[in-house]
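All remarks here apply to the structure that follows.
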Amino acid sequence: MLTIHPPKRFLFGPGPTQVEPRVYEAMSQPVVGYLDPYFFEVADQVKKGLQECFGTTNEMTLAISGTGSSGMETAVSNFVPEGSKFAVIVGGFFAERLCEMGRRHGANIVRLEKAWGETAGDDEVREFILRERPATVAYVHAETSTGALQSGNAICEAAHEVGALVIADCVTSLGGVKIGVDDTGIDIAYSCTQKGLSCPPGLSPFTASALAVERLKTRARPNTVWYLDLVLLNDYYSAAHKYHHTAPISNFYALREGLALIAEEGVEARWARHLENHERLVARMESLGLSMHVAQGYRIPHLNTVRVPEGVDDLAVRKRLLADEGIEIAGGFGPLAGKIFRIGLMGPLATADNTRFFLDAFAKAVR
Ligand SMILES: *Cc1c(COP(=O)(O)O)cnc(C)c1O
């Protein structure tokens, strides 16, 4: 008999998001050894599924052990050498975290600042990168703290003109909206399992281009973070299968099944479903007299930020939703504390029925 009984929740927040029963079932299957051929079969299926969602043919595509932040630190520790210039487009909490990691790894940080909820335009991005001539540029594709979706095309184009590599934080975007790693020209991208992919937290999908892998080989010194050294991780996951650390086997099962669900639906159909329900939400919010925080055309479709109306206490609304309906959503933080609701309509919850269920409960709680 199980002795643990977590409450039933509807995870309409930014993450972790709702997990499909099939993914839980996969997770409860017997653990095999970290060098078992079956594990590498699963890891290979994970790689293929991730390539599809990222939109890449990158050979170096894998899942890092740890949550999204481990992918961020894998990117920074491997591709931002000490003393190098690291340019970051900053318009929210997670871009700040990228700067903080860069600082800790001894990089010289230069920032292009935007207000929280705005994105950087093509001309200003170009001017910034050509002026600073950094070794590495980073941006957050879907800034979960604000709801803004930053386009990467101009960033990648300008960065490549000055010989810089581009890191894209795709923690919230993967599985939720198109990224197009290869088409955009992104060199390094990382994500997580518990947001757009609808799996439990624990792994960080990661991809690096052939150019980035070349850069890895020319590092003067090896990565100081042994655990996230891509050279060592590659020796484990690629043909040599040389022991590095014990992969979290059950999390791989979960991700493998989650990616199978996405493949069955078709990743483009999944993106379209997120967009459809985003539009439903926007229409209903506007009919309630509420407004979206991010300008139309720059919104993350599956992570909606709605302004808290005058005279409404956002914490009281969130508490009521959780107590009455078991619904979790999030508030804002930093400069947006108390000013926005952050509402995820992702994966199994992004259906017409579930969106209506949420919006009815939300309308009642706000009233
Ligand atoms: C959630 C998030 C992270 C951090 O991921 P964790 O899984 O919490 O470690 C980084 N960047 C963005 C954009 C995120 O939304």
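Read the numbers this way: they start at 1 and go in the same order the structure lists the ligands and their atoms. Worth saying up front: this structure is predicted, and the values here are computed from it rather than measured.
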Once you measure the plane-to-plane angle for [X] and [Y], does it fall in the parallel (<30°), tilted (30-60°) or perpendicular (>60°) bin?
{"X": "Phe39", "Y": "Phe252", "result": "perpendicular"}
{"X": "Tyr139", "Y": "His141", "result": "perpendicular"}
{"X": "Tyr227", "Y": "His245", "result": "tilted"}

When rounded to the nearest 0.5 angstrom, what distance separates CZ in Phe128 from CD1 in Ile155?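 So the CZ of Phe128 and the CD1 of Ile155 are separated by 9.5 Å.
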With sequence neighbours left out, write down each residue that passes ring-ring contact (aromatic ring centres under 6.0 Å, His included) with His274, or none if nothing qualifies. His302
Just checking, Lys364 and Phe357: is the charged tip under 6.0 Å from the six-membered ring centre and within 45° of the axis?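 So Lys364 doesn't make the cation-pi contact.
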Give the residues near ligand 1 by chain and number, with the criterion being a heavy-atom distance under 4.0 Å.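 Residue list for ligand 1: Thr67, Gly68, Ser69, Met72, Phe94, Arg97, Val140, Ala142, Thr144, Asp169, Val171, Thr172, Gln194, Lys195.
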